[in-house]
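To start, the structure itself, in structure tokens.
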Amino acid sequence: MTSKQDVEIFLMNKSVAVVGVSRDKKKFGYAVYKQLKERNYKTFPINPNISEIENETCYPNLSAVKEKIDGVILVVPPKESEKVVKEANKLGVKSIWFQQGSSSNEAVKFCEENGISHVKNECIMMFTEPVESFHKFH
């Protein structure tokens with residue numbers, strides 16, 4: 001179960017990688033990335049299939065980012081999340097947000113075993129102020 005403390009820890013991050021960013025404006029990967037940028041987070045879009053989004057470099061993986069990453073939001077299938085949490089741990093990232101549908105028991109267990117604060121079963125867009133759109137009603 002996600003704790004309020006884990007949510008607060010994540011929201012304090014200054015630089016956040018969005019793994020699974022999309023150019024499709026109807027997908028969560030795009031919406032999450034766009035909202036975090038609008039909330040003044042330093043954002044790093046991650047998707048191995050695209051090189052640029054919104055005139056910003058899109059990185060193929062976390063390791064390609066040469067700046068410090070404080071937190072990672074996962075908007076990918078659970079099997080992919082299992083790989084990404086291990087990469088994040090190697091880079092010293094200690095804060096992970098599993099967007100709904102991206103967590104797996106193995107990925108969550110890895111976070112727990114490695115002291116990585118994590119949020120699951122919650123939508124980041126319900127917590128970044130000001131909350132907009134239909135998320136206001138949750």
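Scope of the values below: all heavy atoms of this structure, side chains included, with no hydrogens, waters or symmetry mates.
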**Item:** Name of the residue among Trp97, Phe98, Phe28 meeting side-chain contact (heavy atoms from CB on, under 4.5 Å) with Val75
**Value:** Phe28
Quick check: closest heavy atoms across [X] and [Y], and the distance to 0.1 Å?
| X | Y | value |
| --- | --- | --- |
| Ser15 | Lys68 | OG-O, 2.8 Å |
| Ile124 | Leu11 | CD1-CD2, 4.0 Å |
| Ile116 | Lys94 | CG2-C, 3.7 Å |
| Ser102 | Ser81 | O-OG, 2.6 Å |
| Val93 | Ile69 | CG2-O, 3.5 Å |
| Ser95 | Asn13 | OG-ND2, 3.1 Å |

Hey, could you give me the [atom1]/[atom2] distance between [X] and [Y], rounded to the nearest 0.5 Å?
| X | Y | atom1 | atom2 | value |
| --- | --- | --- | --- | --- |
| Ile96 | Ser117 | CD1 | OG | 9.0 Å |
| Asn121 | Gln99 | CG | CD | 10.5 Å |
| Leu74 | Lys120 | CG | NZ | 13.5 Å |
| Glu56 | Tyr33 | CD | OH | 4.0 Å |
| Lys37 | Thr43 | NZ | OG1 | 4.5 Å |
| Met125 | Lys34 | CE | NZ | 12.5 Å |

Give the cluster check for [X] versus [Y]: same hydrophobic cluster or not, with ILVMFWY residues linked at side-chain heavy-atom distances below 4.5 Å.
| X | Y | answer |
| --- | --- | --- |
| Ile53 | Val72 | no |
| Val65 | Val16 | no |
| Ile73 | Val7 | yes |
| Met126 | Tyr41 | yes |
| Phe44 | Ile50 | no |

**Message:** When you measure from the side chain of Asp6 to the backbone of Val119, do you find a donor-acceptor pair of N or O atoms at a distance under 3.5 Å?
**Reply:** no
**Asked** Checking side-chain contact (heavy atoms from CB on, under 4.5 Å) for the pair Cys123/Gln100: CA distance, chi angles, key distance, verdict?
**Response** CA-CA 6 Å; Cys123 178; Gln100 291 107 324; 3.5 Å; yes
**Prompt:** Does any non-hydrogen side-chain atom of Lys86 lie less than 4.5 Å from one of Phe110?
**Reply:** yes
**Prompt:** Would you say Ser63 and Leu91 make side-chain contact, with heavy atoms under 4.5 Å?
**Reply:** yes
**Request:** For residues 17-31, pull every pair meeting side-chain hydrogen bond (donor to acceptor under 3.5 Å, both in side chains), keeping only residues two or more places apart or in separate chains.
**Result:** Tyr30-Glu54
**Prompt:** Can Ile46 and Val84 be said to form a side-chain contact (heavy atoms from CB on, under 4.5 Å), step by step?
**Reply:** CA-CA 11 Å; Ile46 310 292; Val84 176; over 6 Å; no
**Residues, nucleotides or ligands: over 12 heavy atoms within 6.0 Å of Gln5 CD** = no
**Prompt:** Where do Glu87 and Lys83 land on the salt bridge (charged side-chain N to carboxylate O under 4.0 Å, His left out) test, with the steps shown first?
**Reply:** CA-CA 6 Å; Glu87 181 183 18; Lys83 297 174 198 168; over 6 Å; no
**Check against salt bridge (charged side-chain N to carboxylate O under 4.0 Å, His left out), Glu112 and Lys109** = CA-CA 5 Å; Glu112 291 168 351; Lys109 182 179 177 185; over 6 Å; no
